[in-house]
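Every chain is numbered from 1 and lettered A, B, ... according to where its sequence line falls, protein lines coming before strand lines.
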There are 2 protein chains.
Amino acid sequence: MKKAPTIRDVAAAAGVSVSVVSRVLNPDSGPVAPAKREQVLNVIDELGYRPRAAARELSAGHALTVGLVVTDLANPFFAQLADRVVWEARSHGVQVVVMTTQEDPHLEAESLDTLLDRSVGGVIATPTGGNVEKWERLRDLGVNVVFVDRAIPDLSDVDVVSIENSDSARRATDHLIALGHERIGLITGPASTSTGRSRIGGYRAALESASLSLDPMLVRDVPFRGDGGGDAVGSLLASPDAPTGLIVANTAQVQSSVRRLVQMGVRIPGDLSVIVFDDNPWTELTSPPLSAIRQPIGMLALHSLELVLGRMQGRLPAGARTIEVMADFVPRSSCAAPARLATSKSATR
Amino acid sequence: MKKAPTIRDVAAAAGVSVSVVSRVLNPDSGPVAPAKREQVLNVIDELGYRPRAAARELSAGHALTVGLVVTDLANPFFAQLADRVVWEARSHGVQVVVMTTQEDPHLEAESLDTLLDRSVGGVIATPTGGNVEKWERLRDLGVNVVFVDRAIPDLSDVDVVSIENSDSARRATDHLIALGHERIGLITGPASTSTGRSRIGGYRAALESASLSLDPMLVRDVPFRGDGGGDAVGSLLASPDAPTGLIVANTAQVQSSVRRLVQMGVRIPGDLSVIVFDDNPWTELTSPPLSAIRQPIGMLALHSLELVLGRMQGRLPAGARTIEVMADFVPRSSCAAPARLATSKSATR
DNA sequence: CTACCGAGTGGAACCGGTTCCACTTTTGTA
DNA sequence: TACAAAAGTGGAACCGGTTCCACTCGGTAG
């Protein structure tokens, strides 16, 4: 366990001063004679010298690192997001420190403190919704913050990247309406989140333009964590006036909801037409394959990182940006006309 | 964008020297009068002071950070592993820098260099198999390395955490044999990896003790990346002498393999009994639900981190450790007796 | 022939912590 | 009461980079 060479070792071995070595390391920081540059590079190579990141960060005041704060990586949505962020960051020479919040504002606060200690250049986060003052502090201290997937409305001056939630929900609802469904269940994220509200909004809009009334009993907003999805499915279908179509618009609860449907032996689309938000690899392995809103996770990651890096390098104009990307609707065989269409219609009227 | 207070600001505001503040920050580094400690803590709280990690790392020579190097987070196995590692690390006040290799030794090498620059205290990795000298260098420089899921046999003095691959493969094979299968296909990882070899070993052992011969055509080792799984499935089933049972023991290729089975319309378990390695949440959502080897990912994460942290704190005896954890076999309805059992038996003899 | 300019260089301060050491003040014990 | 050991404190060096600045050379313009 020998120890690594420092810049002074290199300088000594090359017979130059540390200033010269530093200038070789950072090409635009001053002139170096071509001969000496060569010489220094040779020594660096010989000694296997690598600059210590900590020293650099200390003097620079900030790190070439971004924090990624998400709920948990066990959720495929976040896992894929993290995958793309890490990958994209790498190609820019930036490292990613990953932290998870489990949707708990306390854990989130802790993460933010830690990120601050590390002097990260930026943070990409799916905020829990709390910690408004902490986020503000971070921003005021010069850390570039980008919210992805969700936003905190009270918080100004923060970039946001998300999908067109309202529009996506609307398209899913329209699809079911077009098939003849009149009672459509919606399982969505908490109404306290921007995502939840937008999706409910899109759902409502679709119903309105089809002149269908919105039955509040059919809309269930369940928390992002826990077994809320499955329970909501159970209670929706237990109702005597059960829906014939269902949109699961709480990404985190898709798995739990589908599991319950399978357990209950609900025939899809015979008993129930189903559309899920977020197209995971397995959604086409179920029988039948599920119609889905496919979130362009790669795009979300790309834009988020682009914003953070852009701000870190100061090459973006001031003023927060909001980027909304389109999500595809992928029709598969989990949707069909409601079975009781004819009878129920005549019976109701 | 004001700037954060430093230890000297705190010292000045509290009317003490920086040494005292530092001792308050690191309780076991020297005595402080209770009154002054109180006073310093108050000032810290008032100013919202937080020590800069970079400065600390610079003088300590190493960081309270571990690197996690995996293939990619889009793979649920690694995503879950990362989730647990991040979670567990957090509770120890350690941050995790995640890097992905895409199974490419060059990218892996790049990651290791970066990790070295960051003076990480340890690395948890699923090695690609290359870069033996780089790993050695890392180890010699005092970075604690733990391999998880796979090992590099040429590399001594490195801790390894994995499941009992041989035993697991054997149990899966035994299960199919007990049902009456005699031709059992095996799709596994590259034979150049420790994981691949062990699983083939277990498979072979099971066949031998049942006095069945091993047909090399039934064993397909496919790379961890790409579409090898699906293709192997296709070619296995295209054979006139197709297997009646299949074990997909290449975790990374399970999804691709199952997708192909579904696409081909193979009836499970009617035409083919199937067992997959790694029990993802969706394996019970397919129809029928798939029998699986459930890797205790949490245990893998826990042990890996335990080892890394233990070594970082120097509270582990020298000498590499190998930890193998048991994997559960979860029988579901994707396995049954081979349909042609009676006829094929009489016909063959 | 001098004045001036720019390239090239090295010294030293600085970033914000930790730690060693010398020094003063308590304490405890003979 | 005397004197050693322990507790408490501050100064300053150090970790390994970056950067400012002063300085020495050439070469060129006046």
Side-chain angles (χ1 to χ4, degrees), chain A residues 2-41 43-44 47-65 114 116-121 141-142, chain B residues 2-41 43-44 47-65 114 116-121 141-142:
Chain A
K2 52 219 160 188
K3 70 187 216 301
T6 75
I7 197 174
R8 291 173 226 268
D9 297 332
V10 174
V16 298
S17 71
V18 294
S19 318
V20 173
V21 180
S22 178
R23 282 194 288 264
V24 170
L25 258 27
N26 315 43
D28 289 333
S29 61
V32 179
K36 296 218 169 186
R37 146 167 287 112
E38 192 69 20
Q39 191 178 340
V40 169
L41 287 174
V43 173
I44 287 179
L47 268 51
Y49 166 74
R50 312 216 86 221
R52 230 70 85 240
R56 194 171 270 191
E57 287 168 18
L58 178 55
S59 100
H62 64 94
L64 276 183
T65 299
T114 304
L116 208 49
D117 300 350
R118 303 211 73 85
S119 328
V120 293
L141 250 27
Chain B
K2 52 217 160 193
K3 69 189 217 300
T6 73
I7 197 174
R8 292 174 225 267
D9 297 331
V10 174
V16 299
S17 72
V18 295
S19 318
V20 173
V21 179
S22 178
R23 282 193 289 264
V24 170
L25 258 28
N26 315 44
D28 289 333
S29 60
V32 180
K36 297 219 169 185
R37 147 168 286 112
E38 191 69 21
Q39 191 179 339
V40 169
L41 287 175
V43 172
I44 287 179
L47 268 51
Y49 167 74
R50 311 216 86 222
R52 228 71 87 241
R56 195 170 269 188
E57 288 167 17
L58 179 55
S59 88
H62 64 93
L64 276 183
T65 300
T114 303
L116 208 49
D117 300 348
R118 303 212 72 85
S119 327
V120 295
L141 248 28

Approximate separation, where rounding is to 0.5 Å, of B/Leu41 CG and B/Lys36 NZ: 14.0 Å

A/Asp117 CG to C/dC15 C1', straight-line distance once rounded to whole Å: 16 Å

Nucleotide C/dG17, atom P - distance to CG of B/Asn26 in whole Å: 11 Å

B/Glu38 and B/Pro34, any side-chain heavy atoms less than 4.5 Å apart: no

Interatomic distance, A/Arg8 CZ vs C/dA12 P [rounded to whole Å]: 12 Å

side-chain contact (heavy atoms from CB on, under 4.5 Å) partner of A/Ser22, chosen from A/Asn26, A/Val18, A/Val20: A/Asn26

Distance in Å, A/Leu64 CG paired with B/Arg118 CZ, rounded so as to fall on 0.5 Å steps: 8.0 Å

Interatomic distance where CG belongs to A/Asp28 and P belongs to C/dA7 [whole Å]: 14 Å

Protein-nucleotide distance (A/Gln39, atom CD; C/dG10, atom C1'), rounded to Å: 15 Å

Out of D/dG8, C/dT18, D/dG17, whichever nucleotide has its closest atom nearest the side chain of B/Ile7: C/dT18

Main-chain N/O of A/Thr6 paired with A/Asp9 side-chain donor or acceptor, under 3.5 Å: yes

Sorted by number, the residues of residues 49-65 of chain B with heavy-atom contact under 4.0 Å to DNA chain C: B/Tyr49, B/Arg50, B/Pro51, B/Arg52, B/Ala55, B/Arg56, B/Leu58, B/Ser59

Nearest heavy-atom neighbours spanning A/Pro5 and A/Leu47: CG-O, 3.7 Å

Sub-4.5 Å side-chain heavy-atom contact between B/Tyr49 and B/Leu25: yes

Donor-acceptor pair, side chain of A/Glu57 and main chain of B/Ala54, under 3.5 angstrom: no

DNA chain D-proximal residues of residues 14-24 of chain A, any heavy atom under 4.0 Å: A/Ser19, A/Ser22

Euclidean distance, atom CZ of residue B/Arg37 to atom P of D/dA7 [Å, nearest integer]: 14 Å

Pairwise side-chain contact, B/Ser119 with A/Arg52, heavy-atom cut-off 4.5 Å (strictly under): yes

Under 4.0 angstrom between A/Lys36 side-chain N/O and C/dT9 OP1 or OP2: yes

Distance, rounded to the nearest Å, where B/Lys3 contributes NZ and C/dG17 contributes C1': 15 Å

